[in-house]
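Below is one structure, written out as structure tokens; the observations come after it.
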2 protein chains.
Amino acid sequence: MLSKKTKYGIKALTYLARQENRTPVQIATISKSENISLKFLESILLTLRKNDFLGSKKGKGGGYYILKEPKDIQMAAVMRILEGPISMIPCVSLNFYEKCEDCPDENACAVHKLMAQVRDSSLEIFKNTTLADLCNC
Amino acid sequence: MLSKKTKYGIKALTYLARQENRTPVQIATISKSENISLKFLESILLTLRKNDFLGSKKGKGGGYYILKEPKDIQMAAVMRILEGPISMIPCVSLNFYEKCEDCPDENACAVHKLMAQVRDSSLEIFKNTTLADLCNC
DNA sequence: TAATTAGCCTACTATATTAATAGGGTATGC
DNA sequence: GCATACCCTATTAATATAGTAGGCTAATTA
């Protein structure tokens, strides 16, 4: 299941991508427009800022704005920051690999084999889809 | 994330698919072989039996056995029984659809658009992969 | 420079789900 | 008729998610 964190994060990114001239938008504005808990959104935007997707401006007239061109923001990167691994199981993860405790040989494991295929196809979509594709800009 | 329930269920299915002549296998045998908690596995096999993937035989010499040919068992069906929806978000689910509370128009929703693509590609894999493909039998 | 604005940061809590455990019940077969 | 092995319900522990609370700090504007 996709977490609300990721869902809200993607919605906020598309909202900001649609702004012209990178005008800062206040958290409260996005919160109201997208029906997202203000404080929760605040922490999500903070994460996106720390990972160099967003910039922020303090004080009056401040807010968040997008740093890169939407077409240069791969959804794979967004997913990994907000959601974590793209694969459904750690033993097939490229960026968050972990061995299964119960599984002696992952090359012989049916689950591993299946989930590796799913990861490949999902990853291809996330890599080939940019923020620009999602917000029509 | 894939639940252990699904992971264990798939492992048990492949184990049973490899048995010749549909000889019943005891829960304890699978539990030891695959390093799965016996009681947890018990409930998983029960679910698979109730959904007509497995048959069971009580008493001495009893156990579980597979009912259909492994090549006729789509992983999509297994996933839906054990894991639930294949999509990452209810609003794009074909079998477990739910509207998002916060989203006024899902056709305009970036998350919806992205997740629909991911569901399509995952579903295709789960539909085209059978138990026979996973256990080499 | 003082007041206001709006992001920054830490900590806490409520809820739900998952994973596992416990314990007894019931049908089967030798 | 007794041992075997599946059947079923209930409970609990651990974990992650989602949301809340409250104060701090930097920037802006008058």
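All values reported here derive from a predicted model rather than from experimental measurement. Every chain is numbered from 1 and lettered A, B, ... according to where its sequence line falls, protein lines coming before strand lines.
We find the OH-CD distance between B/Y64 and B/Q26 to be 12.0 Å, quoted to the nearest 0.5 Å. A/M1 contributes atom CE, which lies 11.0 Å from atom CD of A/E83 (distance to the nearest 0.5 angstrom).
A straight line from CZ of B/F96 to P of C/dT17 spans 14 Å, rounded to a whole angstrom. Atoms CD (B/E34) and P (C/dA20) sit 14 Å apart, rounded to a whole Å. Whole-Å rounding puts the A/K4 NZ to C/dT15 C1' distance at 12 Å. C/dA11 atom C1' lies 14 Å from atom CD of A/E42, rounded to whole Å. We find that CZ of A/R49 is positioned 13 Å from C1' of C/dA6, with the value rounded to whole Å. Between A/I30 atom CD1 and C/dA6 atom C1' there is a gap of 13 Å when expressed in whole angstrom units. At whole-Å resolution of the value, NZ in A/K39 and P in C/dC8 are 12 Å apart.
There is no path of hydrophobic side-chain contacts, each under 4.5 Å, that joins A/M115 to A/L2.
Comparing A/E83 and B/Q26 along DNA chain D, the residue whose closest nucleotide (by nearest heavy atom) sits nearer the 5' end is B/Q26. Both A/T6 and B/I27 lie close to DNA chain D; mapped to their nearest nucleotides by heavy-atom distance, the more 5′-ward contact belongs to B/I27.
A/S3 contributes a side-chain N or O that, together with a main-chain N or O of A/T6, makes up a donor-acceptor pair within less than 3.5 Å. B/S122 places no side-chain N or O within donor-acceptor distance of the main-chain N or O of A/V118, the cut-off being under 3.5 Å. Without hydrogens or angle criteria, B/S31 side chain to B/I36 main chain gives a donor-acceptor distance under 3.5 Å.
Residue contacts for A/L45: at a heavy-atom cut-off of 4.0 Å it reaches no nucleic acid atom on any strand shown. Across all strands, A/K7 comes closer than 4.0 Å to no nucleic acid atom at all (heavy-atom distances).
Along DNA chain D, the stretch of nucleotides lying under 4.0 Å from any heavy atom of chain B spans, 5' to 3', D/dT4 to D/dC8.
Put simply, the residue from B/L16, B/T14, B/L131, B/T130 that forms a side chain to side chain contact (heavy atoms under 4.5 Å, CB included) with B/P70 is B/L131.
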Task: Base-contact (B) and sugar-phosphate-only (S) positions in nucleotides 25-30 of chain C, heavy-atom cut-off under 4.0 Å, - elsewhere - done: --SBS-
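Between A/S43 and C/dC9 there is no side-chain polar atom (N or O) within less than 4.0 angstrom of OP1 or OP2. Checking the phosphate oxygens (OP1, OP2) of C/dA6, no side-chain nitrogen or oxygen of A/Y64 falls inside 4.0 Å.
Residues in residues 102-115 of chain A take part in these salt bridge (Lys or Arg N to Asp or Glu O under 4.0 Å) pairs, two or more places apart or across chains: A/D102-B/K7, A/D102-B/K11.
A cation-pi arrangement is present between B/K68 and B/F53, with the terminal nitrogen or guanidinium carbon under 6.0 Å from the aromatic centre and inside a 45° cone about the axis.
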